[in-house]
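Letters A, B, ... mirror the listed sequences (proteins, then strands); counts begin at 1. Quick note: numbers below take in every heavy atom, side chains included, and nothing from hydrogens, waters or symmetry partners.
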Amino acid sequence: MSYKAPRGTTDILPEDAKKWQWVEETIKQVCNKFHYEEIRTPVFEHTEVFQRGVGNTTDIVQKEMYTFEDRGGRSITLRPEGTAPVVRSFVEHKLHGLANQPTKLYYFAEMFRYERPQKGRMRQLNQFGVEVLGSADPAVDAEVIDLAMTCYQEMGLTSLKLVINSLGDKESRENHRQALIAHFTPHKHELCSDCQTRLQNNPLRVLDCKQDRDHPAMQTAPSILDYLNEESEAYFEQVKDYLDNIGIPYEIDKNLVRGLDYYNHTAFEIMSEAEGFGAITTLAGGGRYNGLVEELGGPNTPGIGFAMGLERLLMALEAENQVIPVDRSLEAYVVAVDEQAQKEAVMLVSKLRKHGVQADKDYLGRKMKGQFKAADRYAAKYVLIIGENELEEQTITVKEMSTGEQATVAKDQIIDVMKEKCVGGREHE
RNA sequence: GCGGCCGUGGCGAAGUGGUUAACGCACCGGAUUGUGGCUCCGGCACACGUGGGUUCGAUCCCCACCGGUCGCCCCA
């Protein structure tokens with residue numbers, strides 16, 4: 001074996017691709033019900049979109065981006081997340097000027113992050129995400145969370161936990177930031193090296209350090225929730241009220257800060273609590289980002305969104321033993337006995353397909369028995385047999401595989417008969 | 001970036017410092033000269049991750065690298 005897919009990437013083979021199709025279909029239906037529209041942005045962007053959008057102090061920008069120079073000397077980055085590109089597109093095309101506001105968007109996109117792969121973490125990963133731009137109504141925060149939870153529920157997941165927090169507005173964050181610096185600075189030399197630099201660049205992120213989790217200063221650290229100003233406090237209360245009203249249970253985690261710089265006010269994560277899920281339990285994460293549109297050159301526009309990892313979603317379905325409905329059957333398999341019959345078979349499958357019947361035949365010169373074995377493996381519902389007798393009498397023998405029953409059909413009626421059995425049957429489902 | 005475990009045919013999986021490296025599944029064919037799922041028989045298979053080293057000899061021992069996997073950091 002000479003070539004392999006690069007580290008952290010994987011091929012989705014036909015059997016799994018069917019599961020992906022089902023997941024995407026299910027989610028799209030939810031989006032449609034919530035009245036969100038799809039947006040597609042390029043796989044790569046100017047590096048600066050992420051530096052400015054995601055934030056230079058974040059892990060994503062500092063060590064995870066696939067950045068390269070193109071032949072024109074531009075710095076290009078494979079998108080590591082979806083929000084910054086969508087906002088860039090929103091600004092570039094002045095979607096804020098459209099009549100229908102807020103702008104409610106969703107996307108399916110592959111993301112790229114240079115990390116060491118492990119269970120639930122790939123270098124190329126697939127996310128479904130949602131962004132709502134142009135409304136600062138806390139009801140939108142609840143709607144977006146509702147949408148995410150609905151997707152999971154539609155697919156049958158139950159072992160989920162929704163965790164929310166508020167990061168407050170700019171003023172609240174700044175006050176909290178000062179308090180954090182004042183609180184941790186006396187203990188600076190006791191913290192891990194990462195936290196020592198975090199304390200300077202982004203003290204908020206000291207809070208979710210796993211290494212220093214048990215440090216006494218961590219337990220007594222000032223909580224953002226104690227530094228929310230009146231407005232931020234009220235906003236958070238309203239979000240919680242809306243969640244209560246639409247019946248979505250949640251937990252508050254005052255240490256939930258999220259890794260991206262653009263968040264403010266509502267932050268949330270949805271985690272799997274299924275047994276044997278793996279060490280990484282976050283299925284989806286998101287939050288409000290009221291300053292991001294402006295940061296990327298647009299008008300002052302509030303926004304909120306989330307992204308869910310689709311690989312992790314599939315993992316969660318497996319961990320909860322959710323069976324994904326996948327139809328592997330084939331409607332019609334044409335068996336032909338000899339060379340002349342094979343010519344007839346080629347014409348027959350073509351005609352069947354044009355009339356809406358799913359059809360296939362042998363292409364490996366297998367004997368009759370082998371062709372039947374193949375039909376069986378494909379879970380064919382019907383086998384259409386073209387043998388010497390049939391050729392002579394201008395008929396086709398139709399065998400129903402589940403019962404073994406056979407019937408002889410005149411050649412010029414076979415299409416009608418099969419349409420009735422297959423196409424008609426589908427419409428009645 | 002750091003650490004644990006792992007690397008034999010398409011898949012699964014034995015095995016040994018020394019002749020042709022088991023076996024199972026899958027696949028193809030035959031028993032059944034036009035009919036599947038069972039059984040029996042036969043066949044097929046580009047396999048010891050790569051490169052060094054130890055050795056008379058290495059799939060096996062040592063080292064490095066690559067890859068996989070799980071975990072740490074962080075995140076979807």
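By the 30° and 60° cut-offs, the orientation of the rings of A/Y227 relative to A/H176 is tilted. Ring planes of A/H183 and A/H187: tilted class, angle from 30 to 60°.
Remark on RNA chain B: of its neighbouring residues A/Y114 and A/T281, the 5'-side contact belongs to A/Y114, judged by nearest-heavy-atom nucleotide. Toward the 5' end of RNA chain B, the nearer of the two residues A/T397 and A/A284, judged by each one's closest nucleotide, is A/T397.
Pair assignment for B/C23: B/G12, on the basis of Watson-Crick or G-U wobble contacts that are both within less than 3.5 Å. Pair assignment for B/C2 gives B/G71, based on Watson-Crick or G-U wobble hydrogen-bonding distances that are each under 3.5 Å. Across all strands shown, B/C44 has no partner, as no Watson-Crick or G-U wobble contact with both distances under 3.5 Å is found. Pair assignment for B/C65: B/G49, on the basis of Watson-Crick or G-U wobble contacts that are both within less than 3.5 Å. When both pairing distances are held under 3.5 Å, B/U32 makes no Watson-Crick or G-U pair with any nucleotide shown.
Salt-bridge check for A/K373 with A/D376: failed, with every basic side-chain N at 4.0 Å or more from each acidic carboxylate O. For A/R79 and A/E110, the salt-bridge test passes: some basic side-chain N is under 4.0 Å from an acidic carboxylate O. With salt bridges taken as basic N to acidic carboxylate O contacts below 4.0 Å, none links A/E400 and A/K421.
Taking the side chain as every heavy atom from C-beta outward, A/V144 and A/F34 never approach each other to under 4.5 Å.
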Query - Verdict with reasoning, A/M308 to A/L283, per side-chain contact (heavy atoms from CB on, under 4.5 Å) - result: CA-CA 6 Å; A/M308 71 168 64; A/L283 295 180; 5.9 Å; no
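Spacing between atom CD of A/E339 and atom C1' of B/G34 amounts to 17 Å, rounded to whole angstrom units. The distance between atom CD of A/E115 and atom C1' of B/C72, rounded to the nearest whole Å, is 12 Å. At whole-Å resolution of the value, CZ in A/F372 and P in B/G36 are 7 Å apart. Rounded to an integer number of Å, the gap from A/D360 CG to B/G36 C1' is 16 Å. The NZ atom of A/K4 sits 13 Å away from the P atom of B/G7 (whole-angstrom rounding). The nearest whole Å value for the distance from the CD atom in A/E269 to the P atom in B/C75 is 8 Å.
Under a cutoff of 6.0 Å and an axis angle of 45°, A/K104 and A/Y106 do not form a cation-pi pair. Taking the ring axis of A/Y114 as reference, the NZ or CZ atom of A/R123 stays within 45° of it and closer than 6.0 Å to the ring centre.
A distance of 3.5 Å separates CD of A/E390 from OG1 of A/T397, quoted to the nearest 0.5 Å.
Applying the 3.5 Å distance criterion, the base of B/U35 shares a donor-acceptor pair with the side chain of A/K399. A donor N or O paired with an acceptor N or O is not found under 3.5 Å between the base of B/A76 and the side-chain atoms of A/E110. A/Q371 contributes no side-chain N or O that forms a donor-acceptor pair with the base of B/U35 under 3.5 Å. The base of B/C74 sits with one of its N or O atoms less than 3.5 Å from a complementary donor or acceptor on the side chain of A/R121.
Using a 4.0 Å cutoff on non-hydrogen atoms, no part of residues 315-332 of chain A comes near RNA chain B. Contacts between residues 376-396 of chain A and RNA chain B, counted as heavy-atom distances below 4.0 Å, involve A/D376, A/R377, A/I385, A/G387, A/E388, A/N389, A/E390.
Residue A/R366 places at least one side-chain N or O closer than 4.0 Å to OP1 or OP2 of B/C28. For B/U33, neither phosphate oxygen OP1 nor OP2 lies less than 4.0 angstrom from any side-chain nitrogen or oxygen of A/K367.
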What nitrogen or oxygen pairs link the protein and nucleotides 69-71 of chain B at under 3.5 Å?
from: B/C70; atom 1: OP2; to: A/K119; atom 2: N; distance (Å): 3.2
from: B/G71; atom 1: OP1; to: A/A279; atom 2: N; distance (Å): 2.9

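Across all strands shown, A/E81 has no heavy atoms under 4.0 Å from either base or sugar-phosphate atoms.
A/M271 approaches A/V163 most closely through the heavy-atom pair CE-CG2, 3.5 Å. Closest non-hydrogen pair, A/H265 versus A/S232, comes out as CE1-OG, 3.6 Å.
Residue A/F108 qualifies as enclosed at atom CZ: its count of foreign heavy atoms under 6.0 Å is above 12.
Between the P atoms of B/A22 and B/A14, the separation comes to 16 Å (whole Å).
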